[in-house]
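Encoded as structure tokens, the structure appears first; notes follow it.
Below, chains carry the letters A, B, ... as their sequence lines are ordered, and counting in each starts from 1. The analysis underlying the following values was restricted to heavy atoms, covering all of them including side chains, and did not include hydrogens, waters or symmetry mates. Values in this document were obtained by computation on a predicted structure and should not be read as measured data.
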Protein chains: 2
Amino acid sequence: MGGTKLNLTTLESLSEAAECLRILAHPHRLRIVQMLLQGDYTVGELAAACEIPSPMASEHLRLMQRCGFLTSQKEGRKVYYQVAEPHLQDILHCIESRFGVEAAT
Amino acid sequence: MGGTKLNLTTLESLSEAAECLRILAHPHRLRIVQMLLQGDYTVGELAAACEIPSPMASEHLRLMQRCGFLTSQKEGRKVYYQVAEPHLQDILHCIESRFGVEAAT
DNA sequence: TTGACATGTCGTAATGTTCCGATATATTAA
DNA sequence: TTAATATATCGGAACATTACGACATGTCAA
């Protein structure tokens with residue numbers, strides 16, 4: 001004891017982490033997660049907030065659902081999505097503290 | 001007042017954030033940042049810790065330096081890198097709390 | 001000067017990602 | 001049933017990323 005200790009995450013775990021970050025690393029997916037952390041929304045509502053067509057939002061949502069970030073439930077012909085991975089809250093807070101956040105009208 | 005308020009980051013800022021996340025989203029770059037948050041290291045030391053050849057580590061370092069994450073200083077024929085962006089600490093903490101961290105020998 | 005070492009840079013092939021149009025499915029209303 | 005709405009999926013073109021070999025530069029020791 002006495003030298004400088006180095007605390008490392010295994011390369012295997014960092015590969016997992018990198019995969020999660022890559023999935024998150026898209027402006028529309030970040031907005032989707034940011035919204036879903038504050039409530040449940042449909043594909044159409046999320047698409048409108050991202051200013052993209054619904055089919056593209058649907059693809060982003062499918063990607064995030066397959067990796068366990070989100071879950072969904074169908075109500076009539078609408079589908080509501082929710083955040084399933086609690087750690088997303090933490091990362092979004094980091095992003096918001098660095099890049100800002102404003103109350104939407 | 002009274003409705004459900006939605007706090008959003010602008011799509012422009014989220015694009016910046018996504019760019020940063022994409023740069024971070026690589027296992028070797030994550031390990032490099034994790035090490036540099038705990039001290040200064042040379043290209044060769046970082047390459048060894050990532051189990052990659054030095055030229056590849058050099059490319060990762062150049063990428064992270066160009067986007068402002070890192071700075072470097074030359075000492076003889078070695079180059080030491082440091083973390084320049086303080087928010088990296090926060091994100092790494094998120095990753096470590098989710099994916100674990102162990103004391104290296 | 002020569003040789004060894006540490007780092008940096010350049011092409012490029014392989015791979016992955018993003019976006020878009022077209023189409024498919026499912027649900028509700030008329 | 002038909003039409004309209006909401007969501008999902010598919011194929012492919014355009015673009016970005018990664019890893020690797022080869023080479024270039026700069027520094028030190030002998």
Side-chain angles (χ1 to χ4, degrees), chain A residues 11-12 14-33 35-36 39-84, chain B residues 11-12 14-33 35-36 39-84:
Chain A
L11 286 173
E12 194 184 351
L14 289 179
S15 290
E16 275 186 76
E19 217 174 308
C20 291
L21 289 178
R22 249 180 21 242
I23 288 168
L24 219 50
H26 187 289
H28 299 150
R29 292 197 288 269
L30 284 173
R31 167 155 286 186
I32 286 170
V33 170
M35 287 181 70
L36 292 179
D40 290 11
Y41 292 95
T42 66
V43 177
E45 289 167 337
L46 296 166
C50 293
E51 302 167 20
I52 57 177
S54 292
M56 208 178 303
S58 183
E59 287 206 40
H60 290 310
L61 291 163
R62 171 170 66 155
L63 178 64
M64 292 194 281
Q65 188 167 29
R66 291 188 82 238
C67 78
F69 284 3
L70 305 180
T71 57
S72 65
Q73 69 194 71
K74 202 163 185 171
E75 282 188 22
R77 57 184 139 178
K78 297 185 178 180
V79 177
Y80 286 86
Y81 280 82
Q82 304 91 32
V83 172
Chain B
L11 286 174
E12 193 183 352
L14 289 180
S15 289
E16 274 187 75
E19 218 174 308
C20 290
L21 289 178
R22 253 183 14 245
I23 288 168
L24 220 48
H26 187 290
H28 299 150
R29 291 196 288 268
L30 284 173
R31 167 153 286 185
I32 286 171
V33 170
M35 289 180 68
L36 292 180
D40 289 12
Y41 293 95
T42 66
V43 176
E45 290 167 336
L46 295 167
C50 292
E51 302 166 20
I52 57 176
S54 291
M56 208 177 303
S58 183
E59 287 208 39
H60 288 309
L61 291 163
R62 174 171 60 155
L63 178 64
M64 291 193 283
Q65 188 166 31
R66 290 188 82 239
C67 78
F69 283 4
L70 306 180
T71 57
S72 65
Q73 69 195 72
K74 202 164 187 172
E75 281 188 22
R77 56 183 139 176
K78 298 184 178 181
V79 176
Y80 286 86
Y81 280 82
Q82 303 92 33
V83 172

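- Separating the CD atom of A/Glu75 from the P atom of C/dA26 is a distance of 19 Å, rounded to the nearest angstrom.
- Heavy-atom nearest nucleotides on DNA chain D were determined for B/Leu63 and for A/Leu61, and the one closer to the 5' end corresponds to A/Leu61.
- Across all non-hydrogen atoms, the minimal contact from B/Arg31 to B/Ala49 is NH1-O, 2.9 Å.
- Residues in residues 52-62 of chain A take part in these side-chain hydrogen bond (donor to acceptor under 3.5 Å, both in side chains) pairs, two or more places apart or across chains: A/Arg29-A/His60.
- Within the 4.5 Å cutoff, side-chain heavy atoms of A/Tyr81 are placed close to those of A/Val43.
- Summarising the local packing, CD of B/Gln73 is surrounded by more than 12 heavy atoms from other residues, nucleotides or ligands at distances under 6.0 Å.
- Inter-residue side-chain proximity for B/Pro53 and B/Met56 is flagged as met; some heavy-atom pair is nearer than 4.5 Å.
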Review item, nucleotides 14-17 of chain C N/O atoms under 3.5 Å of protein N/O:
{"from": "C/dT17", "atom 1": "OP1", "to": "A/Arg22", "atom 2": "NE", "distance (Å)": "3.3"}
{"from": "C/dT17", "atom 1": "OP1", "to": "A/Arg22", "atom 2": "NH2", "distance (Å)": "3.2"}

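- In this structure, CZ of B/Arg62 is placed 13 Å from P of D/dT17, rounded to the nearest angstrom.
- For the pair B/Leu46 CG and C/dG8 P, the computed distance is 11 Å after rounding to whole Å.
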Using a cut-off of under 3.5 Å, enumerate the N/O to N/O pairs linking the protein to nucleotides 4-7 of chain D.
{"from": "D/dT5", "atom 1": "O4'", "to": "A/Arg77", "atom 2": "NH1", "distance (Å)": "3.3"}
{"from": "D/dT5", "atom 1": "O2", "to": "A/Arg77", "atom 2": "NH1", "distance (Å)": "3.2"}
{"from": "D/dT7", "atom 1": "OP1", "to": "A/Val43", "atom 2": "N", "distance (Å)": "3.3"}
{"from": "D/dT7", "atom 1": "OP1", "to": "A/Val79", "atom 2": "N", "distance (Å)": "3.4"}
{"from": "D/dT7", "atom 1": "OP2", "to": "A/Gly44", "atom 2": "N", "distance (Å)": "2.8"}

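- Remark: C1' of C/dT18 and CG of B/Leu21 are 17 Å apart, rounded to the nearest angstrom.
- Distance, B/Ile52 CD1 to D/dA19 P: 8 Å, rounded to whole Å.
- Atom CG of A/Leu30 is separated from atom CE of A/Met35 by 13.5 Å, given to the nearest 0.5 angstrom.
- Rounding to the nearest 0.5 Å gives a distance of 8.5 Å between OH of B/Tyr80 and CG of B/Asp40.
- Look at NE2 on B/His28: it is 11 Å from P on D/dT18, rounded to the nearest Å.
- The CD-C1' distance, from B/Gln73 to D/dT27, rounds to 17 Å in whole Å.
- Nearest approach of B/Ser72 to B/Gln65, heavy atoms of both residues: OG-NE2, 2.9 Å.
- Distance, B/His60 NE2 to C/dG8 P: 13 Å, rounded to whole Å.
- The side-chain heavy atoms of A/Leu61 and A/Val79, taken from C-beta on, include no pair separated by under 4.5 Å.
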